[in-house]
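Comments concern the structure below.
Keep in mind that this is a model prediction, so the values were computed, not measured. Counting starts at 1 for both ligands and their atoms, in listed order.
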Amino acid sequence: MQGKFITIEGCEGVGKSTQLALLKEYFENNGIDAIFTREPGGTDVAEKIRSIILDANNKALTPVTELLLYAAARRQHTEEKIIKALSEGKVVVCDRYADSTVAYQGYARNLDKQLIGELNRIAMADVNIDLTLFLDLPPELGFARKGGADKNDRLENEKLDFHKRVYEGYLAVAENNKDRVVRIDSSKDVDGVFAQIVDAMKKAGVV
Ligand code: TMP
């Protein structure tokens, strides 16, 4: 029995947390056995790596080190938690996953995309993503919604240009992976966004 793996992606402030809360309720109401997890993080070890990556005091962290830390956290999380849950037939919903590395480290930090592809391949440990929900909202609107960047978060504190490149990265990921990435128009109200998510899950056969 193999479960389904759903990832949720997008720029800062696109409303992922709100939609994840609705999704949790939806699975509960429909008796679907699901776990919710996040990257970087999701297990004790990977959460420790997360705190190193996001700590705004870690100004010395170089871009390649950052990339390797995301990859390390992902491999740990995938092996320890995701594969296990999928093998138990659960739906696994992950707040950010491999596409975040392509968008943030590939497009925004401008690191070698082939290297990122290879690291993602290793970090994913042969796991297959069944559906990626790309919450599409340009970063200007996302930051306006959340009332600015979190000063304690190293990544959020990057300049707007950085986040615009992240957005471009996501558009490219969506274009290049039409079989699994569904663009969700996140300029709509909360219910309007959630309706698109349910529709995408049904079409992809994950619920
Ligand atoms: P978040 O969980 O609050 O979204 O914070 C995670 C931050 O890390 C966010 O700014 C996106 C960034 N990130 C990457 O740069 N690369 C990655 O591979 C992942 C998973 C997240």
(message) Less than 4.0 angstrom from a charged side-chain N to a carboxylate O is my criterion; do Lys84 and Glu88 meet it?
(response) yes
(request) Would you list the pairs meeting salt bridge (Lys or Arg N to Asp or Glu O under 4.0 Å) in which at least one residue belongs to residues 131-144, sequence neighbours left out? (result) Asp136-Arg183
(message) Considering only residues two or more places apart or on different chains, which pairs with a residue in residues 18-35 satisfy side-chain hydrogen bond (donor to acceptor under 3.5 Å, both in side chains)?
(response) none
(request) On the 0 to 90° scale, with breaks at 30° and 60°, tag the Tyr170-Tyr104 ring pair as parallel, tilted or perpendicular. (result) perpendicular
(message) Please determine whether the number of non-hydrogen atoms from other residues, nucleotides or ligands lying under 6.0 Å from atom CG of Asp189 exceeds 12.
(response) yes
Could you go through ligand 1 and note, for every N or O atom, any protein N or O atom closer than 3.5 angstrom, writing the atom names and distance to 0.1 Å, or 'none'?
residue, atom, partner, partner atom, Å
ligand 1, 2 (O), Arg50, NH1, 3.3
ligand 1, 2 (O), Arg50, NH2, 3.1
ligand 1, 4 (O), Arg96, NE, 2.7
ligand 1, 8 (O), Tyr70, OH, 2.8
ligand 1, 10 (O), Glu12, OE2, 2.8
ligand 1, 13 (N), Tyr70, OH, 3.2
ligand 1, 15 (O), Tyr70, OH, 3.2
ligand 1, 15 (O), Gln105, OE1, 3.4
ligand 1, 15 (O), Gln105, NE2, 3.0
ligand 1, 16 (N), Gln105, OE1, 2.8
ligand 1, 18 (O), Arg74, NH2, 3.1
ligand 1, 18 (O), Thr101, N, 3.3
ligand 1, 18 (O), Thr101, OG1, 2.6

(request) Sequence neighbours left out, what passes salt bridge (charged side-chain N to carboxylate O under 4.0 Å, His left out) with Lys151? Give chain and number order. (result) none
